[in-house]
Student: 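Structure below; questions to follow.
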2 protein chains.
Amino acid sequence: MPRKSELNQELRDARKEQILKAALIVFARRGMVATKISDIAKEAGLSHGLVYHYFNSKEEIFSLLVKKAANSSIEIIQQANAFKGTPLEKLRWMTEQILNSFVDSEHTLLFLIMIQASTSDAIPAEVKELLTGDQSLSPVMCTLPIIAAGQEKGEIISANPVTLAVTYYAFIQGLAINKIQWPECPIPDANLLLKIFINEKGSSYHHE
Amino acid sequence: MPRKSELNQELRDARKEQILKAALIVFARRGMVATKISDIAKEAGLSHGLVYHYFNSKEEIFSLLVKKAANSSIEIIQQANAFKGTPLEKLRWMTEQILNSFVDSEHTLLFLIMIQASTSDAIPAEVKELLTGDQSLSPVMCTLPIIAAGQEKGEIISANPVTLAVTYYAFIQGLAINKIQWPECPIPDANLLLKIFINEKGSSYHHE
DNA sequence: GTCTATAAAGGGATAGAC
DNA sequence: GTCTATCCCTTTATAGAC
């Protein structure tokens with residue numbers, strides 16, 4: 001008996017994943033409100049009633065995806081912090097990870113979900129709070145220490161760190177958006193983005 | 001009789017403008033599909049029936065705003081082309097205009113409308129065609145000649161011009177999006193963005 | 001010109017058959 | 001577990017009163 005229920009649980013989880021994957025695609029391209037449950041069902045190849053068998057509401061599905069997106073973005077910054085090297089090398093590593101993730105679409109779509117959740121007033125407050133709940137976990141805030149360390153070391157120009165971080169993430173968000181409009185668009189090299197951090201003359205910038 | 005009808009026409013136009021202005025605000029913040037006609041009416045301070053007296057549908061209103069946004073973005077690039085100076089100076093002037101426009105909200109909101117129209121599958125094809133209709137009028141395409149001229153002059157690094165243009169507009173779009181999430185966010189100086197175009201050593205970059 | 005009342009349609013969510 | 005039929009509310013759009 002326990003064996004069988006475990007197996008069922010696995011099947012159940014697989015179905016949930018299947019629906020979440022389909023939902024990610026249509027949410028990212030149409031927006032939360034414009035997405036109908038039947039769009040998700042069609043993308044997943046099953047009936048709309050079955051979606052309700054696995055989830056309580058459209059909002060719950062969207063909410064799960066926002067959580068997933070927020071977690072993976074925090075995770076990458078923490079990995080960058082743990083990366084061995086100078087602050088600028090940490091930033092380069094992180095930038096490369098993010099730009100590479102744009103090649104495969106799942107990460108790009110998760111990025112777009114986060115952008116939607118944080119920019120649209122049509123998103124329920126409970127969902128928005130998943131992102132704004134802990135200000136100290138925002139990408140900008142998490143990146144400030146790295147930037148400050150780089151400035152102390154003289155690797156990074158001495159502009160306002162918040163402005164630098166905002167500009168950096170504007171880049172990243174803008175590229176994610178671009179990617180959905182134009183899937184084959186050229187993705188720049190990490191070093192091109194990092195130029196905003198570097199003094200023009202006699203910098204410690206180098207190619208690997 | 002002609003006097004009176006002219007006056008009426010002016011009042012009519014003023015009302016239309018009032019509704020369009022209200023629509024811009026709610027469309028930008030909620031997205032086209034999530035915006036109800038009653039949201040627009042409430043923002044404009046009138047009844048929802050009156051909105052239908054001046055416009056045929058929600059789509060028509062959104063469509064007019066997309067046209068307006070597309071025109072003003074083309075216009076600024078043409079002005080940059082006409083600007084007296086080197087290619088890099090043209091780009092600096094254009095960047096300053098765009099960043100300054102982010103201070104006042106109307107331009108930022110128009111930017112967001114364009115981003116929505118080009119990224120969301122929920123936007124009717126007829127509206128999307130207002131932006132993709134003439135590929136040669138896209139911001140990226142219009143900016144390529146300036147970048148190429150700058151490369152020939154040695155002012156701009158010799159990377160793929162399309163990649164440079166894509167990266168530049170990713171920046172701009174990302175900043176517009178940031179502005180709506182965080183209205184008081186610091187807007188970088190034009191020179192910070194332009195660093196992506198410039199060789200690190202011995203560049204012609206200068207402060208004014 | 002402006003409003004309120006109402007028709008018509010669409011989509012979220014549920015019930016119940018298989 | 002999965003699907004179809006249905007309920008019910010929201011929203012678009014129109015009609016008609018003032």
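First the proteins, then the strands, lettered A, B, ... as listed; each starts at 1.
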Student: How close or far is atom P of D/dA13 from atom CD1 of B/Ile40, stated in whole angstroms?
Tutor: 10 Å
Student: Given D/dT14, C/dG12, C/dC3, which nucleotide is nearest the side-chain atoms of A/Lys58?
Tutor: C/dG12
Student: Closer to the 5' end of DNA chain C via nearest nucleotide, is it A/Asn56 or A/Lys36?
Tutor: A/Lys36
Student: Not counting sequence neighbours, which residues clear salt bridge (charged side-chain N to carboxylate O under 4.0 Å, His left out) with A/Asp121? List them please.
Tutor: B/Arg29
Student: Please state how far atom CZ in A/Arg30 lies from atom C1' in C/dG12, giving the value in whole angstrom units.
Tutor: 16 Å
Student: For the pair made of CD1 in B/Ile37 and C1' in D/dT14, what is the distance, rounded to whole Å?
Tutor: 13 Å
Student: Can you figure out which of C/dA13, C/dA5, C/dT2 approaches the side chain of B/Leu50 most closely?
Tutor: C/dT2
Student: Which nucleotide in the set D/dT14, D/dC3, C/dC3 lies at the smallest distance from any side-chain heavy atom of B/Tyr52?
Tutor: D/dT14
Student: Provide, to the nearest angstrom, the distance between the CD atom belonging to B/Glu10 and the P atom belonging to C/dG1.
Tutor: 13 Å
Student: Measure from the side chain of A/Ser47, starting at C-beta and using heavy atoms only, and say which of C/dT14, D/dC3, D/dA13 lies closest.
Tutor: D/dC3
Student: According to salt bridge (Lys or Arg N to Asp or Glu O under 4.0 Å), does anything in residues 38-51 of chain B pair up with another residue at least two apart or in another chain? List the pairs.
Tutor: B/Arg30-B/Asp39
Student: Answer with base, sugar-phosphate or nothing: what part of the nucleic acid does B/Tyr54 contact at a heavy-atom distance below 4.0 Å?
Tutor: sugar-phosphate
Student: So that I can tick it off, tell me whether A/Arg12 and A/Glu6 are bridged by a salt bridge, with the cut-off set at under 4.0 angstrom between side-chain N and carboxylate O.
Tutor: no
Student: Rounded to whole Å, please give me the gap between CD in A/Gln18 and C1' in D/dT2.
Tutor: 12 Å
Student: Check whether any side-chain heavy atom of B/Leu164 sits under 4.5 Å from a side-chain heavy atom of B/Thr143, and report yes or no.
Tutor: no
Student: How would you label the contact of A/Leu11 with the nucleic acid (heavy atoms, under 4.0 Å): base, sugar-phosphate, or nothing?
Tutor: nothing
Student: Could you state the CZ-P distance from A/Arg15 to D/dC3, rounded to the nearest angstrom?
Tutor: 7 Å
Student: Can you tell which of D/dA13, D/dT2, C/dG12 lies closest to the side chain of A/His53?
Tutor: D/dT2
